[in-house]
Every structure is written in C-alpha cells, then in structure tokens.
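Because the structure is predicted, anything quoted here is derived from the model rather than measured.
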Amino acid sequence: MTDEATGKLELLPNPCTTKPCLPGLALAVVSEDRVARFLTRNGRFYMQPTADLPSPGERVVVVGTLREQKDVDGKSFQTIELSSVKRF
C-alpha cells in the first residue's frame, strides 16, 4: 500500500533502534500537527541530505510505505520507505 506524507523536511534526532544507542540525525517529514515520519531507504534512515532529496527546511510531499515501529525503549515512531519526493 502506498502512503503520502506532506510537511517540512527536517533533520531530527534519530530514534534509538540499537543497544548501545547510536545517536545522530535523520531526515523526517514533519507535518503541521508535528507528527514526524522518518525517511528510510531499504529500511535504513536517511542520515544526511542526498542529491535526490530537497534540502532540509523545504516543504515536500513524500510517497512511500508508512510503518509504525518501536525504539529500544518501546516508544513508537513512524517511518516512510521512500518511493518518491517532490517539493511543493
């Protein structure tokens, strides 16, 4: 199933998915109601901007597969496995 996320592209602290936690920043689409959906490719976070993505701060529409996941502490977060992205 294909989902769509609309919002501002931001670099946010990545969810902790390993022990020990490997802190860093990951790209996420943040909607107007402040829900963050972390961008993934092949299940891995986008840890820095790439040539195929707009710059952080830009408003985007991301199409992909949305997943609800849990970090090592059981806190929920969302990812979207990226199929396409466009500025708006």
- Message: Tell me every residue that passes side-chain contact (heavy atoms from CB on, under 4.5 Å) with E68, counting only those two or more places apart in sequence or in another chain.
- Response: S76, Q78

[atom1]-[atom2] distance between [X] and [Y], expressed to the nearest 0.5 angstrom:
X: N42; Y: L82; atom1: CG; atom2: CG; result: 10.5 Å
X: Q69; Y: T17; atom1: CD; atom2: OG1; result: 8.5 Å
X: K70; Y: F77; atom1: NZ; atom2: CZ; result: 10.0 Å

- Task: Could I get the full list of salt bridge (Lys or Arg N to Asp or Glu O under 4.0 Å) partners for E4, not counting sequence neighbours?
- Result: none

- Partners passing salt bridge (Lys or Arg N to Asp or Glu O under 4.0 Å) against R44 (at least two apart in sequence or in another chain): none

Using atom types as modelled, flag every donor-acceptor pair under 3.5 Å from a side chain in residues 5-16 to any protein atom, sequence neighbours excluded.
from: N14; atom 1: OD1; to: G24; atom 2: N; distance (Å): 2.6
from: N14; atom 1: ND2; to: L22; atom 2: O; distance (Å): 3.3

- Query: Can L39 and I80 be said to form a side-chain contact (heavy atoms from CB on, under 4.5 Å), step by step?
  - Reply: CA-CA 5 Å; L39 303 183; I80 187 160; 3.6 Å; yes

Do any side-chain atoms of residues 45-54 form donor-acceptor pairs under 3.5 angstrom with protein atoms, and if so which ones, sequence neighbours left out?
from: Y46; atom 1: OH; to: R41; atom 2: NE; distance (Å): 3.3
from: Y46; atom 1: OH; to: R41; atom 2: NH2; distance (Å): 3.1
from: T50; atom 1: OG1; to: D52; atom 2: OD1; distance (Å): 2.2

- Message: I'd like to know if the side chain of D71 reaches the main chain of D73, judged simply by a donor and an acceptor atom lying under 3.5 Å from each other, with no hydrogens or angles considered.
- Response: yes

- Between S83 and G64, what is the shortest heavy-atom contact and its length? OG-CA, 3.7 Å

- Nearest heavy-atom pair of F88 and V61: which atoms, and what distance? CD2-CG2, 3.6 Å

- Message: Under 4.5 Å between side-chain heavy atoms, counting indirect links through other Ile/Leu/Val/Met/Phe/Trp/Tyr residues: same cluster for L25 and F38 or not?
- Response: no

- Query: Among the clusters formed by ILVMFWY side chains lying less than 4.5 Å apart, do V85 and V29 turn up in the same one?
  - Reply: yes

- Item | Sequence-distant partners of D33, side chain to side chain donor-acceptor pair (under 3.5 Å), two or more places apart | S31

